Each structure stands twice: as C-alpha cells, then as structure tokens.
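Inspection log for the structure reproduced underneath, given as structure tokens.
The structure displayed is predicted, hence computed values, not measured ones.
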Amino acid sequence: MTSRGPAKRVRKAPAERRHEIVAAAAQVGLTEGLECVTLRRVADELGVRPGLVGHYFPAADTLVAEAFTAAATADLDALLPERPEGPGDGSPRAVLRRFFTLTSGAEFDDVSRLWLNARHLSRYRPGLREHVVALELLWCGRMEETITAGTDSGDFSCADPWTAALRILVAIDGASAYINTSADRRGASVAHLARTVAETELGLTAGALAPS
C-alpha cells in the first residue's frame, strides 16, 4: 500500500479568507459572547493557525467589531428584510407581524444577548462602539422604512415614522435587558411588549400585529 502525505492546504483568495474569518468570529460572538472572539478561538474554529487570523486582524478588537456587525446585520436581514421591488412582497403589516412573532420567541435570545454584550463592551472599546451606533441606525432606518411604507399605503397611521421606529426598538431592548437573568420567567406581557408599543405607535387596534 502506498502512504498518503498530509493534504495540501488550499490557498484562498484574501477576500475569501477574510470573509471566512469574520463569519466564524460572528458565529462565536453570537453563540458564546464577544469576549470569546479571540484570534486563537477563531483559528480553532477554522482549523488554522492563530497567525493566519492575526495576519488579517492584527488587532483583536477590530475582529470583534466586525464580528458584531456581521452577526447583527445578518439577523436584521433575516428578521426585517429590505422591501424588494415588485408584487407579492407582503404588506407592511404582514412584515411587522412576522418580525414581532420572531423577536418574541426564544430563538431571538442569542440576538438579544449579542446586543446586550456589545453595548456593555462599547463602554471600553471605541471601535466597537462605532459599529454598534452604525448598526443601531441601520436597524432603526429599516424599521422606519417599513412604517413609512405602511403609512403611505394606509396600513398605519403614524406622523413620525422615525420616532415610532426608535420607540419600538427601545421597547425590544428594554425587554431584552433581562435576557441573562430571567428569560425563562418572562410572561406574555413582557414577550409582547414591543408589539404592543408598535400597535399604539401605528394607530392599530390591540392584537393587530399578533400572529394570524
């Protein structure tokens, strides 16, 4: 029998490798916490040497910030996609109904922990703080666009979509502040707090954005 030597490591294009590193770091940050995003931890996740990760990210804080942005953006796109052009896109009311259904469940807990984690670390890491602020504006802008579309179509009644979007997201963050201590004891009044705020802000009757 002939022996086979170790497989040659495939050399990836720099952009592809960088994307792979950020994606792995985002997954670690989302499931384990941003404090766990280290060069060694991400290298272990990818099966490479820490030096390779350090080549692309000499400063670990830069990788942490980009990992947060990647994870938070992916979750935003899954929860509140940009409205595509064309028919059959779903009404703004249906879009928000789906959004509140997803964010009120336990599946949203990792996202809640990610944001709570990032805001805490932002106090000590200016680079991360810039990314958090940018993502806050992106989330609020996406919500504002949905509310504006619903107001224009007559689905909602809202004089100030930006303020309404901000209040809705603050309600989500407020409920999420307890994610590490009492998530298992939240009742419907807490789980559906943001939805209730949204219905008030958008001139809807109670339960209008509840799952159909």
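- Heavy-atom contacts from other residues, nucleotides or ligands closer than 6.0 Å to CD of Glu35 number more than 12.
- In this view, Arg125 and Asp61 satisfy the salt bridge (charged side-chain N to carboxylate O under 4.0 Å, His left out) rule, not counting sequence neighbours.
- Residues Trp139 and Val170 are members of separate hydrophobic clusters, defined by side-chain heavy-atom contacts under 4.5 angstrom among Ile, Leu, Val, Met, Phe, Trp and Tyr.
- Linking ILVMFWY residues whenever their side-chain heavy atoms come closer than 4.5 Å, directly or via other members, leaves Val111 and Val133 in distinct clusters.
- Remark: Ser176 OG to Leu114 CG distance equals 11.0 Å, nearest 0.5 Å.
- The distance from the OG1 atom of Thr148 to the CE atom of Met143 is 11.5 Å, given to the nearest 0.5 Å.
- Summarising the geometry, atom OG1 belonging to Thr196 is positioned 12.0 Å from atom CD belonging to Glu201; distances are rounded to the nearest 0.5 Å.
- Checked by atom type and distance alone, the side chain of Arg97 pairs as donor or acceptor with a backbone atom of Ala208 at under 3.5 Å.
- Taken from CZ in Arg142 to CD in Glu82, the straight-line distance is 4.0 Å, to the nearest 0.5 Å.
- A continuous path of hydrophobic side-chain contacts links Val48 to Ile21 [ILVMFWY only; heavy atoms under 4.5 Å].
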Would you sort out whether Arg119 and Glu136 count as a side chain to side chain contact (heavy atoms under 4.5 Å, CB included), showing the intermediate values?
CA-CA 11 Å; Arg119 287 188 170 115; Glu136 287 175 341; 3.0 Å; yes
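- Partners of Phe68 under the ring-ring contact (aromatic ring centres under 6.0 Å, His included) rule, at least two apart in sequence or in another chain, are Trp115.
- When all heavy atoms are compared, the tightest approach of Ser153 to Gly150 is OG-O, 3.0 Å.
- Considering OG1 of Thr103 and NE2 of His192, their distance stands at 10.0 Å, rounded to 0.5 Å.
- Formation of a donor-acceptor pair under 3.5 Å by the Asn117 side chain with backbone atoms of Leu34 is found in this model.
- Between the side chain of Ser104 and the backbone N or O of Thr101, at least one donor-acceptor pair lies under 3.5 Å.
- When all heavy atoms are compared, the tightest approach of Glu32 to Arg41 is OE2-NH2, 2.7 Å.
- Side-chain contact between Glu145 and Pro92 is absent, with no heavy-atom pair separated by less than 4.5 Å.
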Decide side chain to side chain contact (heavy atoms under 4.5 Å, CB included) for Leu52 and Leu46; before the verdict, give the C-alpha distance in whole Å, the side-chain angles of both, and the deciding distance to 0.1 Å.
CA-CA 10 Å; Leu52 177 62; Leu46 293 173; over 6 Å; no
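- Here the closest non-hydrogen pair linking Leu209 and Glu199 is N-OE2, 2.9 Å.
- The main-chain N or O of Thr31 is never found under 3.5 Å from a side-chain atom of Asp110 such that the two would form a donor-acceptor pair.
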Go through it in stages, so that I can follow the logic: the residues are Phe57 and Val22, the test is side chain to side chain contact (heavy atoms under 4.5 Å, CB included), and I'd like the CA-CA distance, side-chain angles, deciding distance and then a yes or no.
CA-CA 10 Å; Phe57 293 94; Val22 172; 3.5 Å; yes
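- Closest non-hydrogen pair, Ala78 versus Leu102, comes out as O-CD1, 4.4 Å.
- A donor-acceptor contact shorter than 3.5 Å is absent between the side chain of Thr62 and the backbone of Pro58.
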Passes side chain to side chain contact (heavy atoms under 4.5 Å, CB included), Phe99 versus Ile172? Steps please.
CA-CA 11 Å; Phe99 174 80; Ile172 292 175; 3.6 Å; yes
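- You'll find the side chain of Leu202 stays beyond 4.5 Å of the side chain of Thr151, heavy atoms only.
- One distance of note links CD of Glu45 with CZ of Arg40; it measures 14.5 Å at 0.5 Å rounding.
- Residues His131 and Val64 form no side-chain contact, since every pair of their non-hydrogen atoms from C-beta on lies 4.5 Å or further apart.
- Two residues are said to be in side-chain contact when any heavy atoms from C-beta on lie closer than 4.5 Å; Thr38 and Val42 fail this criterion.
- Under the 4.5 Å side-chain heavy-atom criterion for grouping Ile, Leu, Val, Met, Phe, Trp and Tyr, Leu79 is connected to Ile168 within one hydrophobic cluster.
- For the residue pair Leu128 and Ala65, the shortest heavy atom distance occurs at CD1-CA, 3.9 Å.
- Ionic pairing of Glu66 and Arg18 is present here: one or more N-O contacts between side-chain nitrogen and carboxylate oxygen are shorter than 4.0 angstrom.
- With hydrophobic clusters built from ILVMFWY side chains whose heavy atoms lie under 4.5 angstrom apart, Leu135 does not share a cluster with Trp162.
- The shortest heavy-atom contact between Phe156 and Thr146 is CE1-O, 3.9 Å.
- Not one N or O on the side chain of Arg113 forms a donor-acceptor pair closer than 3.5 Å with the backbone of Leu30.
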